[in-house]
Every structure is written in structure tokens, then in C-alpha cells.
Amino acid sequence: MKVFCGRANPTTGSLEWLEEDEHYDYHQEIARSSYADMLHDKDRVSIMVLGLIVTVPIVTDDNNPAVGFGILDYKVRSSRRNQDVQDTERYGIIESLSGCFVCFCLFFLSALLSPANIKYYQGIRAAVSRVKDKGQKALVLDIGTGTGLLSMMAVTAGADFCYAIEVFKPMAEAAVKIVEKNGFSDKIKVINKHSTEVTVGPDGDLPCRANILVTELFDTELIGEGALPSYEHAHKHLVQEDCEAVPHRATVYAQLVESRRMWSWNKLFPVRVQTSLGEQVIIPPSELEKCPGAPSVYDIQLNQVSSADFTVLSDVLPMFSVDFSKQVSSSAACHGRQFVPLASGQAQVVLSWWDIEMDPEGKIKCTMAPFWAQTDPQELQWRDHWMQCVYFLPQEEPVVQGSPQCLVAHHDDYCVWYSLQRTSPDENDNTYQVRPVCDCQAHLLWNRPRFGEINDQDRTDQYARALRTVLVPGSICLCVSDGSLLSMLAHHLGAEQVFTVESSVASYRLMKREVPKEMSPLLIKWYLRAIGQNSAEMIFKVNHLEDKISVINKRPELLTSADLEGKKVSLLLGEPFFTTSLLPWHNLYFWYVRTSVDRHLAPGAVVLPQAASLHAVIVEFRDLWRIRSPCGDCEGFDVHIMDDMIKHSLDFRESREAEPHPLWEYPCRSLSEPQEILTFDFQQPIPQQPMQSKGTMELRRPGKSHGAVLWMEYRLTPDSTVSTGLMNPAEDKGDCCWNPHCKQAVYFLSTTLDPRVPQDGLRSVSYAVEFHPLTGDITMEFRLADTLN
């Protein structure tokens, strides 16, 4: 049997169906799990086990991490990760139809014992004894068991029996094998169901309700993976009223800040262009300024944001808590906290995180707080499964130092959002505030990094300088990029006529829009959703360019001479940027466009950028390597079955592919010099034959070679190049500086997965890279020259 999967096609810039092997879905989920990230979370592991049976303190080290499992498909990472809501909306339906879209990141946590940790054993005995002192058996319900290790810990601690629930079938099957291999089959029952489908009774999955509830249902936002509905159901149907819960409590914290950098991820700033007539300013439409923005959280590694990039306006505020040992409600609610601003400024962004307490006394705590909010910054634990949240207020609002304000956290069953009010909401007021939704189209077209890229004035200036060198009197420009402002730059810098192709429905609506003036705002929103195309300008109109720039709502390959008013194009222009691009080289779609419009180009026409090149560098990651590192034997528990399962799925295909990561969030050092791998000449049509490159990269600095990082560079003119990767030359000391607006591609070396291979000696890395014009794909292989066989 075959399955159909939706994939971005770099040759057409659109989404298409591909036929895959019936096991593709399974291998994708396993291979992209990044489960080892959790295994190396020493803080999380020890605390969860500690709290599990209320205390299981384990001392772990880097070679003996705890075990967990999570689904993170890089094509659509629903809890994050390297995609946000725009990508989910863009690809989610297709991926779910094919079975490849993972609805929730299923992080299956377990933890491990160490005989040296007496306190942990004392905590375990204390928790179990509390249940047995009531004259009851210690019956554990483990929701989302993953590898089953959390249940094995409970049995080792003295629990009489554990019911381990796991909805992901391959993971449940692995848990059965791991439990059996470790000798716990008589005390642990693995149930391959969603927790809401589990039955209780003589003929049910559980003979009676459990009295110890163990779960790990959290994401960066705390409730985004459905923790509230799952807890609500468990308390109603699966556990006793006075059960022990691990974790016992969670608290969400927030801090109000002003940050031009972060605000630039949410709003369009005025764009300034120096022309022969003076400074011209491209202003954003009022619809965009008034729009509350995308409704999703932006979860990032907040520890990589410099404290100089924001001004703190409030103390850290505890917004709300959830007691998991009692009945939990998934109903919508709001929680207000009065505060006195620490400084005057523009309230724009809410930074948020949470902590969990594993015991009723709150002595065992795990926090996601960024470095400046940590009690002891030296104890900061790196995580990629739980990070910090950035929320954007619907509108920026002025606050005055010393003048009281109220920050309000709203949530439904899956999402959190914030608002700023003058007074606290009435706790008895059950009025549900609707979650803000984008109504300007821009937040559906541009994701947060794209907003930041468009707002980067230095980048704009670089394109403007390049345009000045190629524009001549009488220039006829054709701009091809999704929702790009380049067409306006070309006009302001002297192009005689500018055409821009907006084949994306969302970008066409954003760039060109008209509605009847007599319509009310509510009817306007309905109207814009009801019609597929519209007629008066939005961005163009507010800048008085609706009669100066022609917007063509058509795929580039379908352009006719009539679309261009019978004129030949003297300047083909692109950033390039296309909303369907996931990996850096997917924007080579511009080359396919250039080839398809060749008949419309005038003799001697200029293409900007003139060329592109693929570059690579070998790096040592500070932490990102953990998502691919195996676990092995963990504190006496054998989980090699899990490691073998991951490796098998990686070998299915993923080990030969690169995956996108925003590396400004993941510090690394370069071990080699950057190297140009392939060059693509946009002045010429795409060749018919594949382009190949083979060679070696010498490692000039000591360190562990975790992987190769790849990115694209675009040569606008002979003297101007835009990099989507390294921003500065590699240095012997210090971390690499990466373009913060783009994702780079990471090809993990196989030695990252093999602890037998020493990685601290100098050597070379060989590579073989091939560009396939027929499919637009780039295949590659990197390997250390003396890798073990």
C-alpha cells in the first residue's frame, strides 16, 4: 500500500502530492522525534522522577541522561518548532491527510534511578507510603508513557501496579519490549489507546481507578498539547478523588517588556528609501497596524535574546496556577494581575514561561525561566522541548512608571493570550474573550522571521544600493517574490514601469485589496473572506502606488505578453522569498521562474540576484547535538530498543537529509572554514543535467564535529551579496553569527549518533552534493574521512 504526502515542490513553488512507501509516516515520526533532547534534560529528568513517586532524585550526568520521546516533524512541527502558525496553516491539512502531520508533539518522558541518590529513594518511599497508609495499594496511571521507563521507576519505588497509556502504536510496542526486557512485565500493563478511550471496570483496561497520576502533557505554552482536557477527563473517569499527582502543580509567569526587535516580528514598520528626490517612506496600511496579529504563541530560546534588545516594564508576575491533584477544568478563563510599571515605555510584548512543582510542599521544582529570572543562573538547563513564550499584545500601549496597570492572561483549552487593562477583570465575570485573529492577511502570509526580515532596514538599504547600480532610464521591471516590497523600491528608485507577480492568494490580497467604502468593519472582514480576489490596493494604495505598480495574480509560467502590456522585461527582480520554502535552497524556485519567463526578457536583460551559491561549514553545537544523541543504558534501565528504533528510521531516509533550524537560537562554533559547494547562475536558464560537487573540508579547529550547516548566498551585484547563513567570517574563538531571519539547514554527521567515535581530533569531512534540476532537490552526504565502518 502507498500513501500520499503533501510536499513543497521547489520547481513550481507550490504544494503537490507525492506517493510514498506505506511505512513513510511511521519512519518520519520516529526519525524526527528528537527524543534525546529530553534525555539530556537532567533537571527535568531527575525532578520528574523525583516527583513521580514524589521524590526520586537521580543524579545523572551527560552520559546517563533520562529517557523521553517526542514527535517533531520538521516539515510541520506543531508545538513549534521551527515552524509557527503560518506554516501549520499552510501545510497542516495536507500533512494530516497523508498521515505525516503530527497533531501534537508527543513527548514521552521517563526517568532513571541511581543507587547513589538516597534522597530520591526516600522521596519515592514517602509518596508510596502516603497511599499505603490509607490502606490502599499504590496503583499508578502513567499517561503518555513513551518508553515505559516512568512506570518502571514507579514499580521500583514500590508501586503495586502501573497502567502505562501510550497512543502512538510504534511507541507502545517499543514500551512493551522495553518493559519485558527489564523484567517488569508482571507489574506494568501498556495500553495502546488515547487516555480518553481508556475504560475502568471488571472488563475494562483498568480494574479500578488509580490513586497516583503521572503525566507529561506539556509544551512550551504549558497547555498547548491538550493538558487541560486530558487532566479533566482523567480526574472524572480514571483516578480517585484524593489521588497523588505528579507533577502536583504548574504556575505560569509573565513579564511585560518593550522591544523594538521583538515587535518587529509582529508589525510592519515604515520602510525608508533614499532616492534622487530625497527620502521616500513606504508606510504600512492602517489595517495592518490595527490587526491584533497571528493568534499563535511564538516559542523561542529566549536565553539567546540579548537583554539589550528589550526594556523590562514589570516584575515577573505569577499569572495563574493549575493544581493537577484536583479536578481540572478546560473551560476558558482569564486571570488578571495588578502591577506597577518599573519604567515608562510602550507595552508591546509579554514574555512568559512556567514552572512545575512535583510535590505538595513545592520543594521539588523545575523551571523554564530565562537566565535573568533564574535564582541561580549557573543551574540553567538547556531544553528544546520546553522553551519560553513570546506573546504580542493586540496593540502597543503606553505605560507610565508608577501608574498601576493590570496584565490579563486569557486561555481556552489549548491556547494562552494576553491583554493589558486598567483594572482587574471581575473574577465572577465568565464572559469569554475571543482569541485575537489576524484579519489583515499579512500575518497569514508572513511568519514572524519574515516580518523581522522586511523590517531590517540594513537589508533594505543593501537591496536599494544594488538596484541603483542596475536601474537605467526606461527600465521595465518584473518582480517575483511572495509579498515582497522590492517592487516599491524599484519604483521609487526610478524604474519606468513595474510589474509584480503575486501567485499566492494571500499575498495578492495583501498587496492589492479594495472593498466598498460603505461597508462596516464587520462586513469588510466577511467580504474579504468571501471573495477570492479583490480590486483596490492595500499596501500599494496607502502608498499611492496603485496606478504605478501592476499586480499580476497569475503563476509566472502562465504569463503572457498581454499581462506585461506587450513590453519586454529589462530587469527581473527577486529577493528571492517564497512562502512554500522550508530549506534554504527551496528559494531556487526563482531560477525556475527566470527560466519560464525567458521569452519575456529583453536582450541583455539583467537578473537580480545575478547568481546564488550553496555554502557549508562544519560546526560543533553547544547543545543542539542532544536531539540526535542516543541514550543507551540509562541508570540501570536498558533502552537500546528505543535507540535501535530511532536509528532504523533515520536509515530509512532521514539520515541522508538536512533539516532546518534557526541557528541564531542554537550556539555553535565553526571547526572548518566556510566553503562554497555549488553555484547557480541566474543569468542563464536552468541546465538540463544535474550539478554535482565533491570535495573535502579540512577541520582547522579542535572540537566535536556534530554536523554540517548549509545556507544560500545571493549575489545581487558583483559587489553585493546577501547571506541567509553566516553573517561574519568564522573565527577561532566565539560562536558563529547567523542570519536571524532565516533558517539554516543542518546535516547531522552519523558520528553524532555513535558514541564509539572519538571526535576531538583534527581530521577532514568529505562531501558529495548534487542538485537535481528535474525535481529541484539537493541530495547530499557528509562524512568524517576516517569514520568507523
Side-chain angles (χ1 to χ4, degrees), residues 25-26 29-30 33 35 38 48-49 52-53 67-71 102-111 128 131 136-218 225-241 243-247 324 328 637 639 641-642 645:
D25 178 18
Y26 161 81
E29 296 196 8
I30 295 296
S33 65
Y35 86 106
M38 290 192 162
M48 279 298 291
V49 180
L52 158 61
I53 323 193
V67 177
F69 184 82
I71 302 299
V102 185
C103 293
F104 300 104
C105 297
L106 309 175
F107 296 120
F108 306 114
L109 170 72
S110 270
V128 173
V131 172
Q136 303 172 356
K137 290 184 177 181
L139 303 177
V140 176
L141 177 65
D142 178 6
I143 299 179
T145 191
T147 56
L149 289 177
L150 210 58
S151 290
M152 291 190 288
M153 294 299 305
V155 171
T156 304
D160 293 281
F161 203 85
C162 290
Y163 300 92
I165 302 173
E166 180 50 59
V167 67
F168 185 40
K169 186 176 181 180
M171 196 67 250
E173 293 172 348
V176 170
K177 295 176 183 177
I178 292 171
V179 166
E180 181 180 3
K181 189 170 186 177
N182 285 275
F184 292 97
S185 296
D186 60 331
K187 289 290 186 75
I188 298 174
K189 177 183 178 181
V190 178
I191 302 170
N192 181 209
K193 288 184 177 181
H194 192 282
S195 64
T196 58
E197 299 173 346
V198 172
T199 58
V200 178
D203 299 322
D205 300 305
L206 280 66
C208 62
R209 291 178 178 242
N211 49 24
I212 298 176
L213 174 61
V214 177
T215 63
E216 196 287 279
L217 301 172
F218 314 120
E225 289 183 12
L228 296 182
S230 295
Y231 271 108
E232 185 175 45
H233 177 271
H235 277 286
K236 286 182 178 178
H237 303 285
L238 304 179
V239 297
Q240 297 175 14
E241 184 176 352
C243 76
E244 298 280 345
V246 179
F324 298 121
V328 172
F637 293 96
V639 294
I641 290 173
M642 187 70 224
M645 187 165 128

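Put simply, the side chain of Thr215 reaches to within 4.5 Å of the side chain of Pro247, judged on heavy atoms. Looking only at side-chain heavy atoms (C-beta outward), Cys162 and Val155 come within less than 4.5 Å of each other. In this structure, the side chains of His235 and Leu213 come closer than 4.5 Å at one or more pairs of heavy atoms. A heavy-atom distance below 4.5 Å is not found between the side chains of Glu225 and Leu217.
One distance of note links OG1 of Thr147 with CE of Met171; it measures 5.5 Å at 0.5 Å rounding. A distance of 14.0 Å separates OG1 in Thr145 from NZ in Lys189, rounded to the nearest 0.5 Å. Between atom CG of residue Leu141 and atom CD of residue Gln240 there is a gap of 11.5 Å, rounded to the nearest 0.5 Å. If you take CG on Asn211 and CD on Gln136, they are separated by 5.0 Å, rounding to the nearest 0.5 Å.
Considering all non-hydrogen atoms of both residues, Gly226 and Pro229 come closest at O-CD, 3.3 Å. Across all their heavy atoms, Val131 and Ala138 have their closest contact at CG1-CA, 4.0 Å. Of all heavy-atom pairs spanning Val140 and Ala154, the tightest one is CG2-CB, 4.0 Å.
In this structure, the ring-ring contact (aromatic ring centres under 6.0 Å, His included) partners of Phe161, at least two apart in sequence or on a different chain, are Tyr163. Listed by chain and number, the residues in a ring-ring contact (aromatic ring centres under 6.0 Å, His included) with Tyr231 are Phe324 (sequence neighbours excluded). Scanning for side-chain hydrogen bond (donor to acceptor under 3.5 Å, both in side chains) contacts around Lys137 gives an empty result, with sequence neighbours left out. Residues forming a side-chain hydrogen bond (donor to acceptor under 3.5 Å, both in side chains) with Asn192 (at least two apart in sequence, or on another chain): none. Take His237 and apply the side-chain contact (heavy atoms from CB on, under 4.5 Å) test, not counting sequence neighbours, and it matches His233.
Counting only residues at least two apart or on different chains, no ring-ring contact (aromatic ring centres under 6.0 Å, His included) pair has a member in residues 176-199. Pairs of residues two or more places apart, or lying in two chains, that qualify as side-chain hydrogen bond (donor to acceptor under 3.5 Å, both in side chains) and include a residue from residues 198-207 are Lys193-Asp205, Thr199-Asp205. The stretch residues 144-155 participates, sequence neighbours left out, in no salt bridge (charged side-chain N to carboxylate O under 4.0 Å, His left out) pair at all. Within the structure, the salt bridge (charged side-chain N to carboxylate O under 4.0 Å, His left out) test picks out the following pairs touching residues 153-164 (sequence neighbours left out): Lys132-Asp160. Judged as a salt bridge (charged side-chain N to carboxylate O under 4.0 Å, His left out), not a single pair has a partner in residues 232-241 (not counting sequence neighbours).
A donor-acceptor pair under 3.5 Å is formed between the side chain of Glu166 and the backbone N or O of Phe168.
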All N/O donor-acceptor pairs, side-chain side in residues 172-180, below 3.5 Å, sequence neighbours left out:
none

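Test Ile191, Leu139, Val239 against Leu206 for side chain to side chain contact (heavy atoms under 4.5 Å, CB included) and you get one pass: Ile191.
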